[in-house]
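These notes are about the structure you will find just below.
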Amino acid sequence: MYASCGDIVSARKAFDGMTDRNSVSWNSMLDGYAKCGDMDSARALFDSMPERDVVSWSSLIDGYVKSGQHREAMALFDRMRYIGPKANEVTLVSVLCACAHLGALEKGKMMHRYVVENKLPMTLMLQTSLLDMYAKCGAIDEALAVFEAVPVNKTDVLIWNAIIGGLATHGFAEDALRLFDEMQRTRIKPDEITYLCLLSACAHGGLVCEAWHFFECLDKRGMAPKEEHYACMVDVLARAGRLEEAYRFVGKIPTDQTASMLGALLNGCINHRRLDIAEIIGRKLIELDPDHDGRYIGLSNIYAVVKRWDDAKVMRAAMEQRGVKKSPGLSFVEIAGTVHRFVARDKTHPSSEEIYVMLNLIVNQVRPEADHEDEECYLYNLEDA
């Protein structure tokens, strides 16, 4: 009871006072730690359990996923496959979520095979998770195959949102809108996420008129636009180069301006070389989020593009004066089913020497020709990378 209410201290006291603990009490305590995000305590408890069932493994894996520790979740599942019980739907949904976040397509395909080989029931939740994993890993054909295997009368709004959002993210705007038309014919009621996916499709496809239509549909269907809808509408206008319209729209938003709204406008200004508006938005972003390193670097780089070197240096100095540290770049690459983590300037990978040789070769081949000043700007932007 205490753990489910979030009172993890009282839960631990009650747990420690038990003379006869069973699997339910162990799993409840473990789940409490996981839901509170205390994964160190959750793992310590898990390792000390006399017996672990599928609920134990699933709780810890789900805790890792929800706390953003996706690699740990996948490593734990690998261990579960060898020494633990057979996974269930809850386990697989969590691991597929981890695969989606890491872009680990081969690992995701392995999970799909695991479902088939172990003859696990292909529930709608599991199909939606598979579809979402394929879409987020860029495997749109596989995502569509999962979607098309579900009988239309068995679908729900979640799986429609997953496929429409997946198509939108990868630039298949017309296909996303076509599927929305099909969704309406099934009489499944779209929700706020559906319209967010549609606005994303319009942003990637440059469909401004259609975006306004979907944005206005929110009110017509009794749904108040949320911050994410406003940010997406700004992105639609900014990507299309309608920057004055986007700027006016931001000024009329009834909610507080957020970093995602202003960030979408800033990106559009930079892409369309409206650096006058970009400077205004860049300063607002610093006011909004003064401890975010990217805000200072973004404005500094805007000044560097127009060769206002002194202003660029002032931004870097302001960042240092406030004590804001630049976060190193981070990326994941999946090779032969193994996910490798890379951090900027990191040389701890066993193949780092060969990697840097290849990286330098690629950079020399793709770096555009530039005059001296442009190259100076390029180096200025990368000096802290």
Side-chain angles (χ1 to χ4, degrees), residues 100 103 105 124-125 127-246 248-250 252-253 258 260-261 263-265 267-268 271-272:
L105 178 59
L124 185 58
M125 181 184 293
Q127 288 169 311
T128 303
S129 296
L130 279 167
L131 189 161
D132 187 60
M133 179 276 298
Y134 280 127
K136 286 179 178 173
C137 291
I140 292 298
D141 289 340
E142 287 86 347
L144 283 167
V146 172
F147 178 76
E148 289 165 0
V150 183
V152 173
N153 64 337
K154 300 292 185 182
T155 59
D156 63 5
V157 68
L158 297 178
I159 197 165
W160 282 98
N161 287 349
I163 190 61
I164 291 171
L167 289 167
T169 299
H170 294 285
F172 298 103
E174 297 290 349
D175 291 326
L177 269 56
R178 176 183 55 78
L179 274 179
F180 176 65
D181 289 338
E182 290 184 20
M183 175 183 174
Q184 289 185 302
R185 287 194 290 272
T186 67
R187 299 189 181 279
I188 290 177
K189 186 178 179 181
D191 62 10
E192 294 162 341
I193 302 299
T194 313
Y195 284 105
L196 194 61
C197 294
L198 292 168
L199 289 172
S200 175
C202 293
H204 286 86
L207 307 174
V208 177
C209 292
E210 291 85 346
W212 277 122
H213 167 72
F214 292 129
F215 187 79
E216 291 163 0
C217 279
L218 285 164
D219 278 329
K220 292 176 183 177
R221 292 181 177 268
M223 292 178 276
K226 294 186 176 180
E227 292 175 0
E228 295 83 0
H229 297 101
Y230 285 113
C232 214
M233 194 65 224
V234 173
D235 192 37
V236 171
L237 297 170
R239 284 175 183 257
R242 295 166 68 160
L243 300 168
E244 289 85 358
E245 187 179 353
R248 290 194 300 271
F249 180 73
V250 168
K252 294 177 181 177
I253 292 174
T258 65
S260 57
M261 297 173 194
L265 180 53
N267 289 336
N271 291 336
H272 293 281

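Values below: all heavy atoms of this structure, side chains included; hydrogens, waters and symmetry mates excluded. Note that the structure is a prediction, hence the values are computed from the model and not measured.
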Taking all heavy atoms of Gly166 and all of Ile140, pick out the closest pair and write down the distance.
O-CD1, 3.7 Å
Start with the C-alpha gap between His213 and Cys217, add the side-chain angles, then the distance that decides, and say whether side-chain contact (heavy atoms from CB on, under 4.5 Å) holds.
CA-CA 6 Å; His213 167 72; Cys217 279; 3.6 Å; yes
Please give me the minimum heavy-atom distance between Arg239 and Ala203, naming the atom from each residue.
CD-O, 3.3 Å
Val208 side chain reached by Cys202 side chain, heavy atoms, under 4.5 Å
no
For Val236, is there any backbone N or O sitting under 3.5 Å from a side-chain donor or acceptor partner on His204?
no
For Asn267, does its backbone N or O pair with a side-chain atom of Asn271 as donor and acceptor, under 3.5 Å?
yes
Hits for salt bridge (charged side-chain N to carboxylate O under 4.0 Å, His left out) against Glu216, two or more places apart or cross-chain, chain-then-number order -> none
Roughly how far, to the nearest 0.5 Å, is CG of Leu243 from CG of Leu237?
9.0 Å
Check: His170 side chain, Leu167 main-chain N or O, donor-acceptor pair, under 3.5 Å:
no
Of all heavy-atom pairs linking Glu192 and Ala224, the shortest is OE2-O, 4.3 Å
dist Leu196:CG -> Lys226:NZ (nearest 0.5 Å) comes out at 10.0 Å
Contact between Ile253 and Phe249 at the side-chain level, heavy atoms closer than 4.5 Å - yes or no?
yes
Between Ala173 and Ala201, the two heavy atoms sitting closest are CB-O, 3.2 Å
I need the Leu131 CG to Leu144 CG distance, nearest 0.5 Å.
7.5 Å
Working for side-chain contact (heavy atoms from CB on, under 4.5 Å), residues Glu174 and Leu207
CA-CA 9 Å; Glu174 297 290 349; Leu207 307 174; 4.1 Å; yes
Can you confirm if the aromatic rings of Phe215 and Tyr230 lie within a centre distance of less than 6.0 Å?
yes
Evaluate Lys154 against Leu124 for side-chain contact (heavy atoms from CB on, under 4.5 Å), listing each step before the verdict.
CA-CA 8 Å; Lys154 300 292 185 182; Leu124 185 58; 5.6 Å; no
Can you measure from NE2 (His229) to CE (Met261) and round to the nearest 0.5 angstrom?
11.5 Å
Could you tell me the separation between the CE atom of Met133 and the OG1 atom of Thr128, rounded to the nearest 0.5 Å?
12.5 Å
So Phe180 and Phe214, would you call those rings parallel, tilted or perpendicular, with 30° and 60° as cut-offs?
perpendicular
Suppose we screen for salt bridge (charged side-chain N to carboxylate O under 4.0 Å, His left out). Which residues come up paired with Glu182, at least two apart in sequence or across chains?
Arg178
In Å, rounded to the nearest 0.5 Å, how long is the span from CD1 of Ile164 to OG1 of Thr169?
11.5 Å
Evaluate side-chain contact (heavy atoms from CB on, under 4.5 Å) for Val157 paired with Met183, printing each intermediate quantity in order.
CA-CA 8 Å; Val157 68; Met183 175 183 174; 3.7 Å; yes
Closest non-hydrogen atom pair between Ala264 and Ala231, with its separation:
CB-O, 4.0 Å
Near-ring test Tyr134/Phe147, centroid separation under 6.0 angstrom:
no
Pair Asp191-Thr194, side chain to side chain donor-acceptor pair (under 3.5 Å): steps then yes or no
CA-CA 5 Å; Asp191 62 10; Thr194 313; 2.9 Å; yes
Take atom CE in Met125; do more than 12 heavy atoms of anything else shown fall under 6.0 Å from it?
no
Minimum heavy-atom distance between Gly165 and Cys197, given as atom pair plus value
CA-SG, 3.6 Å
Are Arg221 and Pro190 side-chain neighbours, meaning at least one heavy-atom pair lies under 4.5 Å?
yes
Between Asp235 and Ala238, is there a donor-acceptor pair closer than 3.5 Å when you use the side chain of the first and the backbone of the second?
no
